[in-house]
**Q** 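The following block contains the structure, expressed as structure tokens.
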Amino acid sequence: MKPTNTVIKVCMGTGGIAAGGSDVMDAFRTELDASGIEATVEKNCLMHKVGCRGLCAKDVLVDVIVKGQKTTYQYVKPEMISRIVKEHIIENNPVTDWVVGDDYHNFHKKQLKVVLSDCGSIDPEDIDAYIAGKGYEAARKVITSSAPEDVIGIIKASGLRGRGGAGFPTGVKWEAAMKQASKQKYMICNADEGDPGAFMDRSVIEGNPHAVIEGMIIGAYSIGADKGYVYIRAEYPLAVERLRKALSDARTRGFLGKDILGTKFSFDIKVKLGAGAFVCGEETALIASIEGQRGMPRAKPPFPVYSGLWGKPTVINNVETLANVPYIIRNGAQWFSSFGTEKSKGTKVFALTGKIKNSGLIEVPMGIPLREIIYDIGGGIEGDRALKAVQTGGPSGGCIPAEMLDTPVDFESLAKVGSIVGSGGMVVLDADNCMVNMAQYFLQFTQMESCGKCVPCRIGTKRLLEILDRITKGKGKEGDIELLEKLSADIKAASLCGLGQTAPNPILSTIKYFRDEYEAHLKGKCPAAVCKELLTYYILEEFCKGCGACLRACPAGAITGEKKKLHKIDPAVCIKCGACFDVCKFKAVKKE
Amino acid sequence: MLSEAAKKELNEIRQKYPEASAALLPALYIAQREFGHLGADAYEAVSDALGVPKAIARGVGTFYAMYKHKPMGRHIVQLCTNVSCMILGAEKLSDFLKNEYGLEPGGTTPDKRFSLVIMECIGACGTAPAMLVNDDFYENLTEKHIEEILEKYK
């Protein structure tokens with residue numbers, strides 16, 4: 001027996017590796033070698049790693065393609081491989097028990113993949129895999145036969161807007177930099193993704209780093225830059241490693257370096273590691289950090305396109321924005337602008353997380369109703385509970401309540417309801433999540449990450465957090481909600497950079513839609529039963545079997561009761577740790 | 001003192017930038033690797049190697065969360081407790097590390113085996129809760145899972 005035309009693709013993004021992807025690959029190698037098959041891996045059977053295809057919750061995901069027929073397996077473990085090799089690869093009978101179900105296919109059905117089109121299908125560490133799918137064709141075409149003005153014209157006509165949060169038109173930015181007379185210009189890729197709840201940039205670099213590099217080459221050619229930087233978080237070791245390999249391969253093939261593809265155009269890219277400061281995602285702070293300073297923003301104008309890195313004209317684009325560029329050049333502006341809405345063109349990658357069945361990375365056309373994302377792609381809420389709200393845009397964004405679920409997801413519509421597209425985080429919340437607690441979490445984050453340069457942000461976020469802290473501890477005062485609103489308005493108006501200007505958004509939008517929850521806290525109740533200090537635990541007589549599990553679990557000795565008789569919690573001793581609640585099998589412990 | 005290899009590495013990085021101070025971030029990473037953490041001697045070494053005032057070097061070093069200013073354990077457990085991880089139970093995991101391993105946020109075990117750093121979003125929100133141990137990602141964490149993982153790090 002000899003397996004022919006077999007391809008095995010193992011998901012080896014961060015999610016795949018964490019779930020044991022390397023062990024799965026090893027198991028395939030061993031099984032194929034040992035199963036008496038004449039061929040070993042790499043001869044008749046090609047196995048390679050692929051980047052994230054989005055549904056990391058079902059990792060390790062493995063595609064087995066036999067004679068052109070693709071079968072996808074989920075939750076693959078090394079011990080499953082011998083059966084897959086024997087039954088599927090040798091006998092051509094897929095192991096149906098382990099094949100992905102309808103939810104996997106539904107997850108992909110309503111998506112539209114541009115940026116992620118090659119993620120999850122090609123080997124991100126193999127430049128030939130990218131080239132085989134028309135990779136670097138766009139860069140070649142541009143460098144050898146287009147004028148910079150024409151390239152910028154295409155990007156402008158496509159309607160591409162920045163995917164890092166602000167949504168500024170990419171072509172307009174490039175044009176401004178192109179028109180600068182300076183001999184030295186810089187092209188920077190902002191990969192300092194730090195919004196809680198967002199991991200799209202990480203996945204794009206891990207899954208298809210060459211698309212980002214190609215986008216940078218096209219950008220650099222258009223504006224006339226010969227040096228580029230990718231500023232990337234040090235917390236993403238795999239993305240850094242794959243990016244470095246991709247840069248070195250691109251250099252070897254002559255797509256980077258001196259006189260690229262025999263032209264007069266030279267361009268090279270360096271990797272600059274961040275060091276754990278969220279504010280460095282702000283472009284002027286990012287520049288300061290590359291220059292080796294504390295990552296503090298400065299006032300704009302001048303904008304970086306006029307005076308950026310070392311005072312030279314500098315374009316800073318986000319990872320996803322740049323990864324769109326080669327596909328736009330390859331397929332045309334019209335193709336790209338046929339997706340999306342009038343003002344928000346193309347697609348957007350979102351990280352769908354929280355209380356959702358299919359959490360993961362998705363790419364959808366701009367303007368898709370939020371409801372379709374949550375229920376058709378995401379499969380609905382865990383345990384089929386009711387949705388409470390969707391938090392979009394991370395610490396700069398806001399909440400969209402369940403009754404507004406038909407809101408189209410694009411720059412304008414989300415802004416209208418008080419949230420933002422932002423970098424693309426989407427955290428799904430159900431009735432068990434307290435909105436005041438959510439706002440508090442985001443403020444803890446922004447307060448911690450505030451660089452301290454301007455007073456409204458440094459002191460303002462601290463005061464906001466103090467007020468939220470006391471509200472969640474049942475020590476809120478009459479007028480606190482109004483105070484939050486007033487302080488928020490001042491901080492938004494007076495802060496120097498985007499961090500401070502948007503930091504109050506999570507508070508304002510939760511007050512707007514969930515004011516009753518704030519008011520309940522002022523009256524000493526947390527409706528979602530989350531805020532510890534406001535909880536009381538008690539045991540329901542009708543459900544308690546007197547098993548004693550809670551009594552044994554209680555670390556404070558607050559529970560008393562005899563075997564097979566009703567147990568009781570002494571509220572004066574209870575430390576509200578929730579151990580009894582977690583351990584009770586009969587749902588007899590109640591918290592409210 | 002920096003090792004000869006580190007000095008060479010630092011010099012190479014220095015050449016990549018138009019000015020010496022721009023090499024501070026990578027230089028501080030090298031010093032941290034060499035000295036274990038950034039103390040007075042580490043700043044002195046960086047300052048000497050780049051010709052940048054010590055005060056400037058320290059100013060930069062203290063701005064960024066990934067530079068450590070006290071001795072760390074052999075393995076650094078970096079647990080995310082931000083929103084996506086929090087709503088899926090990261091706080092309980094933090095309590096677990098405290099109760100089972102005596103690991104407080106920012107603390108180190110007496111045997112110097114582990115240090116715990118609470119992280120702001122590590123970008124593994126789709127498979128939350130998540131943590132990094134040194135450079136390795138671990139996701140969909142439970143208490144039992146953490147026990148098994150930490151066994152691997154001696």
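Chain naming here is simple, since letters A, B, ... match the order of the sequence lines and numbering starts at 1 in each.
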**Q** Begin with the C-alpha distance, continue with both residues' side-chain angles, and end with the deciding distance and a verdict on side chain to side chain donor-acceptor pair (under 3.5 Å) for Q74(A) and D59(A).
**A** CA-CA 6 Å; Q74(A) 61 186 7; D59(A) 267 326; over 6 Å; no
**Q** Please determine if K144(B) and E147(B) form a salt bridge, counting it only when a charged side-chain N lies under 4.0 Å from a carboxylate O.
**A**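 Salt bridge absent between K144(B) and E147(B).
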**Q** So for E235(A), is it side chain, backbone, both, or neither that comes closer than 4.5 Å to the heavy atoms of chain B?
**A** both
**Q** Do you know which of A20(B), S84(B), A23(B) has the most heavy-atom pairs with chain A at a distance under 4.5 angstrom?
**A** S84(B)
**Q** If I measure from the heavy atoms of chain B, does K272(A) come under 4.5 Å with its side chain, its backbone, both, or neither?
**A** side chain
**Q** Side chain, backbone, both or neither: which part of A198(A) has a heavy atom under 4.5 Å from chain B?
**A** backbone
**Q** Describe, in one word, how the ring planes of F278(A) and F445(A) are oriented to each other, choosing from parallel (under 30°), tilted (30 to 60°) and perpendicular (over 60°).
**A**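 Ring orientation of F278(A) relative to F445(A): perpendicular.
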**Q** Who among Q444(A), M438(A), R233(A), E449(A) has the most heavy-atom pairs with chain B under 4.5 Å?
**A** R233(A)
**Q** Counting only N and O atoms by type, is there a donor-acceptor contact under 3.5 Å from the side chain of R244(A) to the main-chain atoms of L247(A)?
**A** no
**Q** Which region of V279(A), side chain (C-beta onward) or backbone (N, CA, C, O), has a non-hydrogen atom less than 4.5 Å from a non-hydrogen atom of chain B, or is it both or neither?
**A** side chain
**Q** Which one of L88(B), V60(B), L24(B) has the most heavy-atom pairs closer than 4.5 Å to chain A?
**A**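 Heavy-atom pair counts peak at V60(B).
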**Q** Taking the side chain as everything from C-beta on, heavy atoms only, tell me whether I575(A) gets closer than 4.5 Å to P555(A).
**A**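 SC-SC contact between I575(A) and P555(A) confirmed.
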**Q** Heavy-atom distances under 4.5 Å only: say whether C280(A) touches chain B with side chain, backbone, both or neither.
**A**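 Answer is side chain: those atoms of C280(A) sit under 4.5 Å from chain B.
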**Q** Which atoms of Q391(A) are under 4.5 Å from chain B, going by heavy atoms: the side chain, the backbone, both sets, or neither?
**A**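 Looking at Q391(A), nothing touches chain B.
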**Q** Hydrogens and angles aside, do S423(A) and D195(A) bring a side-chain donor and acceptor to less than 3.5 Å of each other?
**A** yes
**Q** Select one option (side chain, backbone, both, neither) describing which atoms of R202(A) are under 4.5 Å from chain B's heavy atoms.
**A**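 Contact with chain B: side chain only.
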**Q** Do the side chain of E193(A) and the main chain of D201(A) share a donor and acceptor less than 3.5 angstrom apart?
**A**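 Indeed, once roles are kept as given, a pair shorter than 3.5 Å links the two residues.
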**Q** With a 4.5 angstrom heavy-atom cut-off, could you sort out which part of Y17(B) is near chain A: side chain, backbone, both or neither?
**A**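 Contact with chain A: side chain only.
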**Q** Identify which of K227(A), M448(A), E382(A), Q293(A) forms the greatest number of heavy-atom pairs closer than 4.5 Å to chain B.
**A**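 Highest number of heavy-atom pairs under 4.5 Å: Q293(A).
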**Q** What orientation do Y153(B) and Y138(B) show, parallel under 30°, tilted 30 to 60°, or perpendicular over 60°?
**A**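 Answer is perpendicular, since the angle exceeds 60°.
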**Q** At a heavy-atom distance under 4.5 Å, which candidate from G276(A), A275(A), S359(A) has the highest pair count against chain B?
**A**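 So the answer, after comparing G276(A), A275(A), S359(A), is A275(A).
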**Q** Could you check which of A19(A), G15(A), G274(A), G295(A) has the highest count of heavy-atom pairs closer than 4.5 Å to chain B?
**A**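 So the answer, after comparing A19(A), G15(A), G274(A), G295(A), is G295(A).
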**Q** Measuring heavy-atom distances to chain A, does K92(B) have an atom under 4.5 Å in its side chain, in its backbone, in both, or in neither?
**A** side chain
**Q** Tell me, side chain or backbone of M200(A) under 4.5 Å from chain B's heavy atoms, or both, or neither?
**A**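 Nothing of M200(A), per the 4.5 Å heavy-atom cut-off to chain B.
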**Q** Less than 4.5 Å to any heavy atom of chain B: does that hold for the side chain of L273(A), its backbone, both, or neither?
**A** both
**Q** Heavy-atom pairs under 4.5 Å with chain A are the metric here; pick the option from A128(B), A124(B), P26(B), G59(B) that has the most.
**A** G59(B)
**Q** Under a 4.5 Å heavy-atom cutoff, which of G452(A), A351(A), C577(A), A234(A) has the most pairs with chain B?
**A** A234(A)
**Q** With salt bridge (Lys or Arg N to Asp or Glu O under 4.0 Å) as the test, would you mind laying out the steps for K355(A) and D430(A) before giving the verdict?
**A** CA-CA 7 Å; K355(A) 303 282 183 66; D430(A) 69 8; 3.0 Å; yes
**Q** Side chain from CB out, backbone as N, CA, C, O: work out which of these in S289(A) comes under 4.5 Å of a heavy atom of chain B, or both, or neither.
**A**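 S289(A) touches chain B through backbone and side-chain heavy atoms alike.
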**Q** Could you tell me which of T127(B), V83(B), V52(B) has the largest number of non-hydrogen atom pairs under 4.5 Å with chain A?
**A** V83(B)
**Q** Select one option (side chain, backbone, both, neither) describing which atoms of E91(B) are under 4.5 Å from chain A's heavy atoms.
**A** side chain
**Q** List the steps and the verdict of ring pair (Phe, Tyr, Trp, His ring centres under 6.0 Å) for Y29(B) and Y67(B).
**A** CA-CA 7 Å; Y29(B) 273 127; Y67(B) 299 121; 5.0 Å; yes
**Q** Hey, mind stepping through E12(B) and K8(B) against salt bridge (Lys or Arg N to Asp or Glu O under 4.0 Å) and telling me if it holds?
**A** CA-CA 6 Å; E12(B) 277 164 19; K8(B) 191 166 160 269; 3.6 Å; yes
**Q** Between Y236(A) and D192(A), is any side-chain donor less than 3.5 angstrom from a side-chain acceptor?
**A** no
**Q** Does any heavy atom of chain B fall under 4.5 Å from the side chain of I356(A), the backbone, both, or neither of them?
**A** neither
**Q** Are E206(A) and T14(A) linked by a side-chain donor-acceptor pair shorter than 3.5 Å?
**A**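 Yes - a donor-acceptor pair under 3.5 Å links their side chains.
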**Q** Relative to each other, are the rings of Y101(B) and F114(B) parallel, tilted or perpendicular (30° and 60° limits)?
**A** perpendicular
**Q** Pick from A27(B), A130(B), P18(B), C85(B): which one has the most heavy-atom pairs with chain A under 4.5 Å?
**A** P18(B)
